[in-house]
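Beneath this line is the structure, given in structure tokens, with notes to follow.
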Amino acid sequence: MEALRVRGGAPLVGEVRLSGAKNSVLKLMAAALLAEGATTIRNVPDILDVEIMAELLRRLGCTVDHDAAGGVVRIDVPAQPSHRADYDLVRRMRASICVLGPLVARMGAADVAVPGGDNIGSRGLDMHVDGLRRMGAEVTSEHGCLLAQAPDGLVGARVWLDFPSVGATETVLMGAVLARGETVIDNAAREPEIVDICTMLVSMGARIEGIGTSTIVVHGVDTLSPTDHETVPDRIVAGTWAVAAAITGGDVTVRGAHGEHLSIALEKLVVAGATVETLPDGFRVAMSEQPRAVDIVTLPYPGFPTDLQPQFIALNAVAAGAALVTENLFEARFVFVQELARLGADVRTDGHHALVRGRERLSGAPVEATDIRAGAGLVLAGLVADGCTTVYGVGHIDRGYAGFVPALRSLGADVERIDVP
Ligand code: UD1
């Protein structure tokens with residue numbers, strides 16, 4: 001087993017370069033299933049989840065070539081891919097569910113195990129299922145699998161999502177591009193990763209209007225063609241570096257970032273006392289004082305991203321004053337607070353609220369990452385804690401942050417990966 005050993009105290013100073021977004025690239029890889037032939041995806045982050053998705057696609061019959069160093073994935077999709085995604089891969093990564101839409105759309109059937117993945121609370125699939133049913137699929141659940149069937153193809157429909165779910169928007173979208181007629185997705189998610197997948201689908205020949213708005217209109221086409229697409233930069237990794245600069249009193253330039261995808265988070269850092277400078281290809285965050293506490297309310301994009309909530313709780317834990325953090329997407333995300341408390345943080349939770357009272361110092365301790373972003377939050381807290389913090393569960397961090405330790409070290413952090421018995 002491996003862990004990260006973090007010795008706190010050093011301000012992070014220097015430059016990092018982003019790669020593509022995990023939450024986009026996995027869906028882009030699934031979208032490749034919609035067209036026979038070879039699709040190329042670039043700016044691919046070197047993370048474990050990409051490998052898991054590559055393996056899933058191989059088991060569906062695709063040939064997948066992953067040049068991890070070059071950040072390129074080439075997926076050659078056969079005329080008749082299999083439509084069955086087994087539990088042993090799906091359980092390792094919840095995002096596997098994103099093959100559901102493309103498989104029903106292209107093959108008229110999908111048999112996908114119900115995913116596991118993050119330990120961040122129960123996440124329903126009801127909106128994915130409802131959406132496909134509205135488009136004429138028959139969906140049943142048996143032996144831990146979702147079986148979706150539309151032997152004569154999906155049919156365009158009006159789909160109103162109860163909540164702008166990222167995953168459900170993607171499932172319906174990828175079903176709709178090959179459906180007969182027009183599909184309207186109301187209350188659709190507007191995340192930059194949704195825009196990215198729409199852009200790729202359009203380059204494959206899909207007809208989509210309202211991209212980036214809450215109403216997406218898709219005119220189904222008969223076939224799509226393979227494409228060559230560059231993944232949008234990872235705004236959550238960018239935001240993590242921004243908080244790293246602010247929490248350590250450092251000065252970090254993030255290159256290859258789209259600052260406009262992070263407006264609220266960067267604005268919160270300004271309120272906390274940081275200087276944020278927009279650059280042509282990214283941004284720079286510097287902090288020269290103890291941060292001030294900032295309230296956070298997580299919401300679907302363009303609201304504050306839930307995936308940056310643990311990092312901001314870490315920031316508030318060492319800020320002057322008290323902050324109220326409201327989590328509206330994944331309540332169980334607060335389980336990480338118990339780990340942060342081991343470092344001496346003063347956080348009280350009640351339902352979907354957390355009250356964080358800032359402390360002047362935290363003190364290093366062994367802690368366990370419970371999901372990707374909790375892991376990032378704990379590492380950030382470790383960077384400002386006295387002494388040594390050992391973060392276990394490093395596999396979670398590896399799922400979302402490519403080359404995290406070398407990048408931290410290049411900024412001056414005292415961090416190493418260690419083997420633990
Ligand atoms: C994606 C991201 C995740 C991010 C989240 C919200 C990926 C791989 N993951 O997750 O990092 O935190 O968006 O920005 O892209 N829900 C239902 N029924 C459904 C679908 C969702 O009740 O059918 C609920 C979930 O339980 C959750 C909320 O909707 O409370 C948001 O989920 P959703 O937006 O779908 O997130 P994911 O796509 O799973």
Side-chain angles (χ1 to χ4, degrees), residues 20-31 45 47-50 52-53 56 90 92-101 112 114-134 139 141 146 148 159-175 185 187-197 214 231-232 234-237 239-240 261-262 264-265 297-312 326-334 336 351-352 370-377 396-397 399-401:
K22 169 183 93 74
N23 286 351
S24 201
V25 76
L26 304 173
K27 328 303 173 60
L28 302 176
M29 291 172 74
I47 51 173
L48 189 60
D49 278 12
V50 167
I52 298 175
M53 182 57 87
L56 200 160
V90 171
R92 293 175 62 191
M93 188 181 69
R94 182 186 152 82
S96 311
I97 195 69
C98 64
V99 299
L100 181 67
V112 179
V114 176
D118 288 329
N119 302 319
I120 52 172
S122 68
R123 297 203 256 183
L125 293 172
D126 51 319
M127 288 186 268
H128 299 246
V129 170
D130 279 359
L132 291 176
R133 280 190 178 140
R134 278 182 190 277
V139 189
S141 158
L146 274 184
V159 178
W160 206 95
L161 299 177
D162 289 340
F163 180 90
S165 151
V166 171
T169 301
E170 289 160 348
T171 294
V172 175
L173 180 66
M174 290 197 270
I185 313 174
N187 201 22
R190 289 180 281 163
E191 270 68 2
E193 294 77 24
I194 299 277
V195 174
D196 198 29
I197 190 168
S214 320
T231 315
V232 72
D234 198 314
R235 66 195 162 100
I236 304 301
V237 174
T240 302
H261 292 166
L262 262 182
I264 291 198
V297 180
T298 68
L299 281 172
Y301 190 85
F304 187 93
T306 176
D307 286 352
L308 284 177
Q309 178 256 90
Q311 298 87 322
F312 270 77
T326 305
E327 172 57 58
N328 287 314
L329 283 94
F330 302 115
E331 199 173 287
R333 213 154 217 177
F334 284 150
F336 120 97
H352 61 126
T370 45
D371 71 61
I372 304 176
R373 311 305 169 186
H396 285 295
I397 301 174
R399 288 187 43 212
Y401 292 87

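Read the numbers this way: they start at 1 and go in the same order the structure lists the ligands and their atoms. Owing to the predicted nature of the structure, the values given are computational and were not obtained by experimental measurement.
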Between ligand 1 and [X], can you find any atom pair, the residue atom being a heavy atom, that is separated by under 4.0 Å?
X: R94; result: yes
X: L26; result: no
X: E193; result: no

Could an N or O of ligand 1 be found under 3.5 Å from any N or O of [X], whether backbone or side chain?
X: L329; result: yes
X: F330; result: no
X: M127; result: yes
X: P164; result: no
X: A168; result: no
X: D126; result: yes

Kindly write out the residues that satisfy salt bridge (charged side-chain N to carboxylate O under 4.0 Å, His left out) with E193, not counting sequence neighbours, or none if the list is empty. R235
Could you pull out all residues at least two apart from Y401 that satisfy ring pair (Phe, Tyr, Trp, His ring centres under 6.0 Å)?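 Counting only residues at least two positions away or on another chain, Y401 forms a ring pair (Phe, Tyr, Trp, His ring centres under 6.0 Å) with F404.
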Just by distance, do the side chain of H352 and the backbone of N328 share a donor-acceptor pair under 3.5 Å?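 Looks like no, no N/O pair under 3.5 Å.
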Keeping E191 on the side-chain end and I194 on the backbone end, is there a donor-acceptor pair under 3.5 Å? no
Which atom pair, heavy atoms only, marks the closest approach of D307 to R333?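 For D307 versus R333, the nearest heavy atoms are OD1-NH1, 2.8 Å.
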CZ of R399 to CD1 of I47, rounded to nearest 0.5 Å, is 8.5 Å
Which is closest to atom 3 (C) of ligand 1 by heavy-atom distance: I372, V129, D307?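 Residue with the shortest heavy-atom distance to the ligand atom: D307.
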Near [X], which atoms of ligand 1 are under 4.0 Å from a heavy atom of that residue?
X: F163; result: 28 (C), 29 (O), 31 (C)
X: T306; result: 6 (C), 12 (O)
X: G167; result: 35 (O), 38 (O)

The test is side-chain hydrogen bond (donor to acceptor under 3.5 Å, both in side chains); show your working for Q309 and T298 and say whether it passes. CA-CA 7 Å; Q309 178 256 90; T298 68; over 6 Å; no
Under a plain distance cut-off of 3.5 Å, with no hydrogens placed, do Q311 and T240 share a side-chain donor-acceptor pair? yes
Side-chain donor-acceptor pair present, S214, N187, cut-off under 3.5 Å: no
Below 4.0 Å, non-hydrogen atoms only: which portion of K27 touches ligand 1? Side chain, backbone, both or neither.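 Looking at K27 and ligand 1, just side chain atoms fall under 4.0 Å.
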